[in-house]
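Okay, so here's the structure we're looking at.
One-based numbering along the sequence shown. Here the structure is a predicted model, which is why all the values come from computation and not from measurement.
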Amino acid sequence: QKFGMIQTPMRFVQVNLNGSSPMVYLEIEHWTKEMLEKQGLSGDSDFYKTSFGAPVFENVAYWEKYETSGVRPLDSLEEMEMLRHLAMPGARHSPGFEDHVSSLFIKEELLAWYTNIMLAGSYHNEGDNLRFYFDTTRGKLRPIPWDIHLFTPSAFLITQINGFLQELFRIPEWYLEGQKTLYAYLEENAEIDIQKTASLRKDVERAVYRDRYKLMSNRLAKQGFNTFQSLIEDNINFLQKELKESSALVNQRVATESERSNNLLMTIDITSLGATPGSLSKVHLPIHLSDSIHNDEISLWRDYGSGIFD
């Protein structure tokens, strides 16, 4: 809700069946045209889902639809085919990769999606947990967080994200924006989210204990409450700690004779440690090279690890 992303309405309710004592039920509205229209979205647009265990980025045929656009040629899988290409290993090195991403998605929603995944440490963001809605008013594909699951805290580079997000956030500028978005969210919302967790637990805990038809005992139910509340708090605290720790190792290598014969002056190796990225803003060169710099005779090239200088 805070990110303004599309979500299916969900709440806990108490129900009575044939005069029984109250039971706790998790009510989730299904993916329908009516659900979209209640949120001010068009129900006559493509709403994509996937099949369980399907390798969705291998073949567009694995994608299905809850709702379909009634206007051709919008009734197609064109968006999913574009997404499939963007998710291919090494796609970020392809010409125009970021332009294609911008043509398909809203940047702020991709950053919000990434932040949402990191906050939960959730592995449930690929395969059959992927949902997308094509917003005809914006001409963009919109990701829908679904089946968000809480996992124990893990380092940023270990947290599993789907193939598309892997390619996108391996680009340093996107990775930097992702960390900035996450940091800003935690600065403003960390304590609020922890308090909200306690409040939500208080709202449903008593009803759960009084539900005589639930499969688990009250002892196990309380253990479950404790576990998930702790996971939320642990993830928030872990992310805050990770984002405050960062260092960079810089090593300058003088060019060998053979490298100098190819007009290479020096190589600067930069190794970053920690989650927070940095930006290279300035390089200091010897004063005797000042004329060459002013005459544009010296260029700075970079290699992200692919062996390709650009």
Side-chain angles (χ1 to χ4, degrees), residues 1-31 35 38-39 52-53 112-131 143-156 158-162 182-245 275:
Q1 289 179 334
K2 289 180 181 177
F3 290 119
M5 301 185 75
I6 302 172
Q7 57 178 326
T8 180
M10 181 185 303
R11 63 176 181 172
F12 283 102
V13 296
Q14 282 187 287
V15 297
N16 299 83
L17 184 61
N18 296 328
S20 69
S21 59
M23 298 178 287
V24 177
Y25 179 76
L26 179 61
E27 179 185 79
I28 305 174
E29 189 165 353
H30 194 53
W31 310 96
M35 185 273 284
K38 285 178 186 177
Q39 300 188 52
F52 180 76
W113 187 22
Y114 175 80
T115 302
N116 187 276
I117 291 169
M118 291 299 162
L119 286 169
S122 179
Y123 293 0
H124 287 198
N125 61 85
E126 57 184 344
D128 53 300
N129 292 308
L130 288 172
R131 301 288 187 277
I144 304 175
W146 169 242
D147 196 22
I148 298 298
H149 210 77
L150 287 170
F151 289 85
T152 54
S154 60
F156 287 96
I158 296 176
T159 300
Q160 184 175 330
I161 55 179
N162 62 66
L182 181 57
Y183 183 86
Y185 178 88
L186 289 169
E187 284 290 289
E188 183 177 346
N189 296 283
E191 289 303 320
I192 296 173
D193 284 358
I194 289 175
Q195 292 172 11
K196 182 66 173 179
T197 301
S199 175
L200 288 173
R201 174 176 179 170
K202 185 178 179 180
D203 288 345
V204 301
E205 191 168 16
R206 184 179 180 185
V208 169
Y209 292 155
R210 297 181 65 186
D211 183 351
R212 297 188 295 108
Y213 297 95
K214 63 181 181 295
L215 295 178
M216 64 181 69
S217 65
N218 282 345
R219 180 178 63 84
L220 288 177
K222 183 176 182 179
Q223 182 180 328
F225 280 123
N226 291 339
T227 297
F228 285 108
Q229 185 171 359
S230 294
L231 278 174
I232 291 172
E233 295 178 6
D234 289 348
N235 268 325
I236 288 175
N237 293 331
F238 177 81
L239 291 172
Q240 287 180 312
K241 182 175 180 294
E242 283 280 287
L243 287 168
K244 290 178 180 177
E245 296 180 355

**Prompt:** Should Thr8 and Ile28 count as side-chain neighbours, where that means a heavy-atom distance under 4.5 Å?
**Reply:** yes
**Request:** Could you pull out all residues at least two apart from Glu187 that satisfy side chain to side chain contact (heavy atoms under 4.5 Å, CB included)?
**Result:** Tyr183
**Asked** Mind checking what makes salt bridge (Lys or Arg N to Asp or Glu O under 4.0 Å) contact with Asp211, not counting sequence neighbours?
**Response** none
**Message:** Any non-hydrogen side-chain atom of Pro145 less than 4.5 Å from a side-chain atom of Gln7?
**Reply:** no
**Message:** Given 3.5 Å as the limit, does a donor-acceptor pair link the side chain of Lys214 with the main chain of Val208, or not?
**Reply:** yes
Under 3.5 Å, sequence neighbours excluded: what are the donor-acceptor pairs made by side chains of residues 114-121?
residue: Tyr114; atom: OH; partner: Gln179; partner atom: NE2; Å: 2.9
residue: Thr115; atom: OG1; partner: Leu111; partner atom: O; Å: 2.8

**Asked** What residues form a side chain to side chain contact (heavy atoms under 4.5 Å, CB included) with Val204, not counting sequence neighbours?
**Response** Phe12, Phe225
**Request:** Could you tell me whether the side chain of Asn235 and the main chain of Phe151 form a donor-acceptor pair under 3.5 Å?
**Result:** yes
**Item:** For Lys38, all residues meeting salt bridge (Lys or Arg N to Asp or Glu O under 4.0 Å), sequence neighbours excluded
**Value:** Glu29
**Request:** Kindly write out the residues that satisfy salt bridge (Lys or Arg N to Asp or Glu O under 4.0 Å) with Arg201, not counting sequence neighbours, or none if the list is empty.
**Result:** Glu205
**Prompt:** To the nearest 0.5 Å, what is the distance between CG (Leu239) and NZ (Lys244)?
**Reply:** 11.5 Å
**Request:** Check for a donor-acceptor pair, side chain of Ser199 on one end and backbone N or O of Gln195 on the other, with a separation under 3.5 Å.
**Result:** no
